[in-house]
2 protein chains.
Amino acid sequence: MKASHLKPDAYAAGCPTRQILDRIGDKWAVLILLLLRGEPMRFNQLRRAIEGISQKMLSQVLKSLERDGLLRRRAIATVPVTVEYSITPLGLTLAEAVDPLRDWAEQNLKEVLAAQRRYDAQRKALAA
Amino acid sequence: MKASHLKPDAYAAGCPTRQILDRIGDKWAVLILLLLRGEPMRFNQLRRAIEGISQKMLSQVLKSLERDGLLRRRAIATVPVTVEYSITPLGLTLAEAVDPLRDWAEQNLKEVLAAQRRYDAQRKALAA
DNA sequence: CCGTATCCGAGCCGATACTG
DNA sequence: CAGTATCGGCTCGGATACGG
């Protein structure tokens with residue numbers, strides 16, 4: 001039985017939705033998962049793929065995702081060392097749950113931006 | 001045609017996914033949308049429903065959601081003033097896109113927590 | 001009841017330098 | 001190639017007080 005359509009009375013501090021949202025809030029995390037769904041990737045490969053992420057953040061987020069069981073880290077003893085990150089089955093299910101969100105983003109970003117312009121114009125008019 | 005299952009080569013800084021994720025990353029925003037889907041609510045009603053949010057944050061996030069066209073603010077001239085927040089059709093579609101994520105959270109939080117315990121135990125063992 | 005204004009401390013995050 | 005370590009600015013966000 002799904003609870004999706006029941007109206008919640010409140011969101012307690014420790015509820016699952018809050019906890020997972022905190023992780024999704026980590027914007028990089030989701031992007032990494034979506035990328036890894038395609039194929040395993042190496043550290044600097046991810047770094048290049050995600051425009052704007054710093055070495056430090058990437059390292060940090062990868063560690064956190066591994067800790068959560070959403071991806072797997074595999075070090076290969078070459079010289080120099082190669083490290084491969086791949087998504088886990090659990091991570092895959094999360095990525096799938098994020099898909100509708102990405103679709104929504106692509107379809108509705110324009111409308112959101114338009115709403116912002118309307119709002120700002122309105123505020124500007126009031127200020128004058 | 002849905003783009004969900006195509007492998008992205010990169011996530012540029014301004015892509016829709018990144019932009020929307022930045023907003024979702026605002027953890028409170030999603031919770032508010034999900035709450036308002038049930039029924040319009042007033043300021044302090046929301047405040048009570050979302051455990052732990054400060055007055056400042058609630059005010060801030062509500063303004064941002066209104067700006068994005070995801071909810072509507074309606075002030076009623078009573079004494080003292082009553083303000084009613086309700087979700088817009090656009091906001092409703094976003095809330096629906098978030099549903100799978102909430103379902104995922106409820107179903108998989110346990111497994112994530114278990115993975116964390118395994119990871120931490122492993123690290124502890126190595127440190128010893 | 002519904003906010004805004006101000007202060008201020010914690011922690012995020014980028015930059016840089018260094019290691020296996 | 002794949003990270004760790006350290007420093008410092010800067011933003012986020014809580015607490016408090018006040019106004020419409």
Side-chain angles (χ1 to χ4, degrees), chain A residues 11-13 18-19 21-32 35-36 39-68 71-86 119-120 122-123 126-127, chain B residues 11-13 18-19 21-32 35-36 39-67 71-86 119 122-123 126-127:
Chain A
Y11 284 108
R18 288 267 290 262
Q19 297 209 34
L21 242 34
D22 279 351
R23 300 178 178 285
I24 300 305
D26 205 335
K27 61 178 174 183
W28 303 118
V30 172
L31 294 178
I32 291 173
L35 277 170
L36 288 181
E39 59 182 351
M41 293 178 81
R42 286 170 304 125
F43 189 86
N44 283 330
Q45 204 177 352
L46 281 166
R47 189 153 156 52
R48 280 187 300 273
I50 303 175
E51 196 176 301
I53 194 170
S54 69
Q55 200 176 28
K56 179 182 172 182
M57 286 310 298
L58 180 55
S59 168
Q60 215 169 86
V61 175
L62 285 173
K63 205 177 295 183
S64 153
L65 287 172
E66 189 195 359
R67 179 168 183 263
D68 291 349
L71 61 77
R72 186 170 20 247
R73 179 186 187 278
R74 197 167 66 96
I76 307 166
T78 54
V79 180
V81 65
T82 302
V83 179
E84 188 186 81
Y85 293 93
S86 56
Y119 183 89
D120 293 343
Q122 181 72 13
R123 299 276 298 191
L126 291 178
Chain B
Y11 284 106
R18 288 266 290 262
Q19 297 209 34
L21 241 35
D22 279 351
R23 298 174 181 285
I24 300 306
D26 205 336
K27 61 178 175 183
W28 303 119
V30 172
L31 294 178
I32 290 172
L35 277 170
L36 287 182
E39 58 182 352
M41 292 178 81
R42 287 169 303 125
F43 189 87
N44 283 329
Q45 203 178 351
L46 281 166
R47 190 153 155 55
R48 281 187 299 273
I50 303 175
E51 197 176 301
I53 194 171
S54 69
Q55 201 176 26
K56 179 184 174 181
M57 287 310 299
L58 181 54
S59 169
Q60 214 168 88
V61 176
L62 285 173
K63 205 177 294 183
S64 153
L65 287 172
E66 188 194 0
R67 179 169 182 262
L71 62 76
R72 186 169 21 247
R73 179 186 188 277
R74 197 166 65 96
I76 307 167
T78 53
V79 180
V81 65
T82 300
V83 179
E84 188 186 81
Y85 292 94
S86 56
Y119 183 91
Q122 181 72 11
R123 300 277 298 189
L126 290 178

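In what follows, every chain begins at residue 1, and chains take the letters A, B, ... in the order their sequences are listed. Values below: every heavy atom of this structure, side chains too, minus hydrogens, waters and symmetry copies.
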Trainee: Is any side-chain N or O of A/Tyr85 closer than 4.0 Å to OP1 or OP2 of D/dC1?
Mentor: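 Result: no.
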
Trainee: When the C1' atoms of the five terminal pairs at each end define the local axes, what inter-axis angle does the helix from C/dG3-D/dC18 to C/dG20-D/dC1 show, to 10 degrees?
Mentor: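 So the angle between the two local helix axes works out to 40°.
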
Trainee: Mind running side-chain contact (heavy atoms from CB on, under 4.5 Å) on B/Leu46 and B/Leu36 for me, showing each step along the way?
Mentor: CA-CA 9 Å; B/Leu46 281 166; B/Leu36 287 182; 4.2 Å; yes

Trainee: So, are A/Glu84 and A/Arg42 salt-bridged, with charged N and O less than 4.0 Å apart?
Mentor: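 Between A/Arg42 and A/Glu84 there is no salt bridge, as every charged N stays at least 4.0 Å from the carboxylate O atoms.
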
Trainee: If you walk 5' to 3' along DNA chain C, what is the first nucleotide with an atom under 4.0 Å of a heavy atom in chain B, and what is the last?
Mentor: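 Contact boundaries, 5' end first: C/dC1 to C/dC7.
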
Trainee: Given B/Ile76 and B/Val81, is the side-chain contact (heavy atoms from CB on, under 4.5 Å) satisfied, shown in steps?
Mentor: CA-CA 6 Å; B/Ile76 307 167; B/Val81 65; 6.0 Å; no

Trainee: Summarise how protein sits on nucleotides 6-13 of chain D as a single string, 5' to 3': B when a protein heavy atom is under 4.0 Å from the base, S for sugar-phosphate-only contact, - for no contact.
Mentor: BB-----B

Trainee: Between A/Gln55 and A/Arg47, what is the shortest heavy-atom contact and its length?
Mentor: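 Reported closest heavy-atom pair: N-NH1, 3.4 Å.
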
Trainee: A/Leu31 vs A/Ile53, test: side-chain contact (heavy atoms from CB on, under 4.5 Å). Steps then yes/no.
Mentor: CA-CA 11 Å; A/Leu31 294 178; A/Ile53 194 170; over 6 Å; no

Trainee: Quick one: B/Gln55 CD to D/dT16 C1', roughly how many Å, whole number?
Mentor: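 In whole Å, D/dT16 C1' and B/Gln55 CD are 10 Å from each other.
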
Trainee: Where do A/Asp120 and B/Arg67 land on the side-chain contact (heavy atoms from CB on, under 4.5 Å) test, with the steps shown first?
Mentor: CA-CA 8 Å; A/Asp120 293 343; B/Arg67 179 169 182 262; 2.8 Å; yes

Trainee: If I take atom CD from residue A/Gln45 and atom CD1 from residue A/Ile50, how far apart are they, to the nearest 0.5 angstrom?
Mentor: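 Answer rounded to 0.5 Å: 11.0 Å.
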
Trainee: Could you pull out the closest heavy-atom pair between B/Phe43 and B/Leu58, with the gap in Å?
Mentor: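 The answer is O-CD2, 3.5 Å.
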
Trainee: Of the residues in residues 76-83 of chain B, which ones touch DNA chain D at a heavy-atom distance under 4.0 Å?
Mentor: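 Residues of residues 76-83 of chain B under 4.0 Å from DNA chain D: B/Val81.
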
Trainee: Are any non-hydrogen side-chain atoms of A/Val83 and A/Arg74 less than 4.5 angstrom apart?
Mentor: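 No. Closest side-chain heavy atoms not under 4.5 Å.
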
Trainee: Can you name the residues that form a side-chain contact (heavy atoms from CB on, under 4.5 Å) with B/Arg72, not counting sequence neighbours?
Mentor: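 Testing B/Arg72 for side-chain contact (heavy atoms from CB on, under 4.5 Å), a comparison that skips the adjacent residues, returns B/Ser86, B/Thr88.
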
Trainee: State which residues pass side-chain contact (heavy atoms from CB on, under 4.5 Å) with B/Asp26; sequence neighbours excluded, sorted by chain then number.
Mentor: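 For B/Asp26, the residues satisfying side-chain contact (heavy atoms from CB on, under 4.5 Å) (neighbours in sequence not counted) are B/Trp28, B/Ala29, B/Val61.
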
Trainee: Return the minimal non-hydrogen interatomic distance between A/Arg23 and A/Ser64, and the atom names on each side.
Mentor: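 Looks like NH1-OG, 4.4 Å.
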
Trainee: How would you label the contact of B/Arg47 with the nucleic acid (heavy atoms, under 4.0 Å): base, sugar-phosphate, or nothing?
Mentor: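 Contact class for B/Arg47: none.
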
Trainee: Can you tell if the side chain of A/Tyr85 reaches within under 4.5 Å of the side chain of A/Arg73, non-hydrogen atoms only?
Mentor: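 Contact flag for A/Tyr85/A/Arg73 side chains = yes.
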
